[in-house]
Amino acid sequence: MLDAKLIRANPSAVEKELQKRNIKGALDKYLLLDDKRRSLLLRVEELKNFRNTSSQEVGKIKKQGGDATPLMEKVRQVGQEIKDLDDELKTVEVEMEQILLNIPNLPHQSVPVGPDETTNQEISRWGEPLQFDFEPQAHWDIGPNLDILDFERAAKLSGARFTVYKGAGARLERAVINFYLDIHTMQHGYREILPPFMVTGDCMIGTGQLPKFAEDMFKLEGKEMYLIPTAEVPLTNLYREEVLEAADLPIYVTAYTPCFRAEAGSHGRDTRGVIRQHQFNKVELVKIVAPEDSYEELEKLTANAEKVLQLLKLPYRKVLLSTGDMGFSSAKTYDLEVWMPSYNDYKEISSCSNCEDFQARRANIRYRPAARGKLQYVHTLNGSGVAIGRTVAAILENYQQQDGSVIIPEILRPYMGGMEVIKRV
RNA sequence: GGAGAGAUGGCCGAGUUGGUCGAAGGCGCUCGACUCGAAAUCGAGUAGGCGGCUAAGCCCCGCCUCGUGAGUUCGAAUCUCACUCUCUCCGCCA
């Protein structure tokens with residue numbers, strides 16, 4: 001949520017920033033309502049002041065044994081007027097809030113301006129895409145051939161966009177989860193969290209999924225509860241409605257969770273394999289930090305995500321998203337894209353964002369700065385550290401051998417009970 | 001699922017025959033004194049939000065907030081109702 005005061009103080013500057021995100025005229029109605037709100041507020045507060053002082057007067061008169069009836073009658077009438085104005089005010093405020101909740105974050109100055117992913121900026125590359133001396137297969141062929149991924153039976157159970165992992169496939173998925181968690185907790189200083197996989201609508205508003213992206217979510221029948229689309233939601237909302245001490249910051253947390261996404265509007269995209277699923281596993285990194293540190297923390301968080309790809313020796317590149325391709329809550333986002341032979345291209349495997357105070361404002365997460373006592377919103381960051389299913393797909397494709405077997409990356413072998421290669425059994 | 005108790009400031013915790021309570025006390029925090037310095041001690045300050053005033057900030061003024069939402073009343077932390085959550089006991093259960 002944007003700062004209402006900022007909008008009022010400098011609407012044209014905000015409007016200009018929003019235009020970078022292809023959003024126009026979002027503030028027009030808001031500003032009109034803001035004027036209306038203030039004039040209503042002025043009137044109703046005046047009446048309330050009269051009511052308050054008069055009520056005290058009534059108390060005094062009664063105490064002295066006087067007759068307060070005329071004054072009481074007068075205040076009673078004012079009371080009705082107050083109620084009407086309050087109702088009107090409430091309507092305006094609800095409308096204003098709905099507008100604000102649907103406006104995305106403002107991009108940071110360092111973010112390239114552009115309409116979509118074509119204007120993203122490649123920052124760096126790590127590793128070299130393998131040159132195979134045979135025709136490489138896609139993971140959606142490798143997996144079934146090794147009998148470790150089963151898309152057909154998954155469809156029988158749950159329909160399209162689900163995968164059953166079997167044998168070494170299931171074990172590999174679990175190995176990657178444990179490997180990532182170990183690295184982030186033991187080497188990068190994150191605290192491991194195992195959160196609920198279902199959260200309230202308030203949490204979804206807090207991190208920005210609601211109200212705008214309701215159709216992307218799985219909602220529980222008859223309840224105000226949602227399956228989490230990412231651990232960012234429970235991890236960030238851990239601190240919702242809280243006031244943190246300066247000494248508590250920065251907070252680094254990580255969690256493995258499954259993620260559930262309806263994938264409405266992505267029909268026909270990435271239909272094969274595990275790339276785009278209704279349920280997938282992910283290890284997420286979240287930071288709660290003081291505002292002045294957040295951009296430095298973004299670099300570090302992104303480096304933490306890069307590290308696990310490096311340890312797996314998977315070629316990837318780091319991309320700075322342009323204004324047109326960024327997520328709703330983000331001010332600046334780096335994507336990590338892993339090399340996928342089946343796509344003959346790099347494919348997103350991590351997204352690391354600084355949301356600044358956008359989520360903190362929605363979720364009301366504040367802290368008390370050490371020096372002066374005034375409360376401030378924290379900055380929140382999140383990043384995949386990294387997606388598990390896509391990691392497994394990348395391993396299958398990048399480590400495949402001519403005979404259809406797959407070498408297990410060395411660093412994962414301890415997590416695989418020493419297994420070195422996955423072969424058809 | 002049944003019965004009971006509770007929800008107050010960053011935290012703990014008083015306050016329920018309705019009026020001077022946004023709220024005692026404590027902790028924490030900030031500043032000051034003492035000290036070579038620290039601890040201890042002493043003194044002072046310390047809720048949040050919205051709006052007005054202002055060029056802006058500080059003051060100052062007003063409004064709102066004692067789980068949430070309605071209601072009674074001239075007036076509600078205090079009374080009524082509904083809801084949410086927490087705790088205790090019982091039942092069920094991995």
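Chain naming here is simple, since letters A, B, ... match the order of the sequence lines and numbering starts at 1 in each. What you are looking at is a predicted structure, and each value in this text was computed from that prediction instead of being measured.
In this structure, A:Lys48 atom NZ and B:C74 atom P are separated by 18 Å, rounded to whole Å. Note: CD (A:Glu242) to C1' (B:G67) measures 16 Å, nearest angstrom. The distance from atom NZ of A:Lys90 to atom P of B:G69 is 7 Å, rounded to the nearest whole Å. Look at CG on A:Asn364: it is 13 Å from C1' on B:A47, rounded to the nearest Å. Computed from coordinates, the A:Leu375 CG to B:U46 P distance equals 15 Å when rounded to whole Å. Rounded to a whole Å, the CD atom of A:Glu241 is 16 Å from the P atom of B:G48.
Dashed line: the shortest gap from a side-chain N or O of A:Arg76 to OP1 or OP2 of B:C74 is under 4.0 Å. Under 4.0 angstrom from either OP1 or OP2 of B:G51 there lies at least one side-chain N or O belonging to A:Arg8. The side chain of A:Asn49 contributes an N or O atom lying less than 4.0 Å from OP1 or OP2 of B:C63.
Of the residues listed (A:Arg161, A:Arg390, A:Arg276), the one engaging A:Asp270 in a salt bridge (charged side-chain N to carboxylate O under 4.0 Å, His left out) is A:Arg276, and it is the only one.
For RNA chain B, if you chain together Watson-Crick or G-U pairs that step i with j, i+1 with j-1 and so on, the runs of at least three with distances under 3.5 Å are B:1-7 with B:84-90, B:10-12 with B:25-27, B:28-33 with B:41-46, B:47-52 with B:60-65, B:67-71 with B:79-83.
In this structure, A:Arg424 does not pair ionically with A:Asp147, as no charged nitrogen and carboxylate oxygen lie closer than 4.0 Å.
Place A:Met72 and A:Arg37 on RNA chain B by their nearest nucleotides, and A:Arg37 ends up nearer the 5' end. Each of A:Leu71 and A:Arg366 was assigned the nucleotide of RNA chain B with the nearest heavy atom; the assignment lying further toward the 5' end belongs to A:Arg366.
Looking at A:Glu45, its side chain has no donor and acceptor atom pair within 3.5 Å of the base of B:G51.
Relative ring orientation between A:Tyr190 and A:His188 is described as perpendicular, the plane-to-plane angle rising above 60° on a 0-90° scale split at 30° and 60°. The aromatic rings of A:Phe328 and A:Phe213 sit perpendicular, their planes meeting at an angle over 60°, well past the 30° parallel limit.
The listed nucleotides are B:G48, B:G51, B:C63; the one nearest the side chain of A:Arg368 is B:G48. Residue A:Leu41 places its side chain closer to B:C50 than to any other of B:C50, B:G10, B:G71.
If you check the side chains of A:Asn281 and A:Tyr256, you find a donor sitting under 3.5 Å from an acceptor.
Applying the 6.0 Å contact sphere to NZ of A:Lys307 captures no more than 12 heavy atoms from other residues, nucleotides or ligands.
Nucleotides B:A47 and B:U30, compared at atom P, are 16 Å apart to the nearest Å. For the P atom pair drawn from B:A5 and B:A44, the interatomic distance equals 42 Å after rounding to whole Å.
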Review item, nucleotides 75-79 of chain B N/O atoms under 3.5 Å of protein N/O:
residue: B:G75; atom: O4'; partner: A:Ser55; partner atom: OG; Å: 3.0

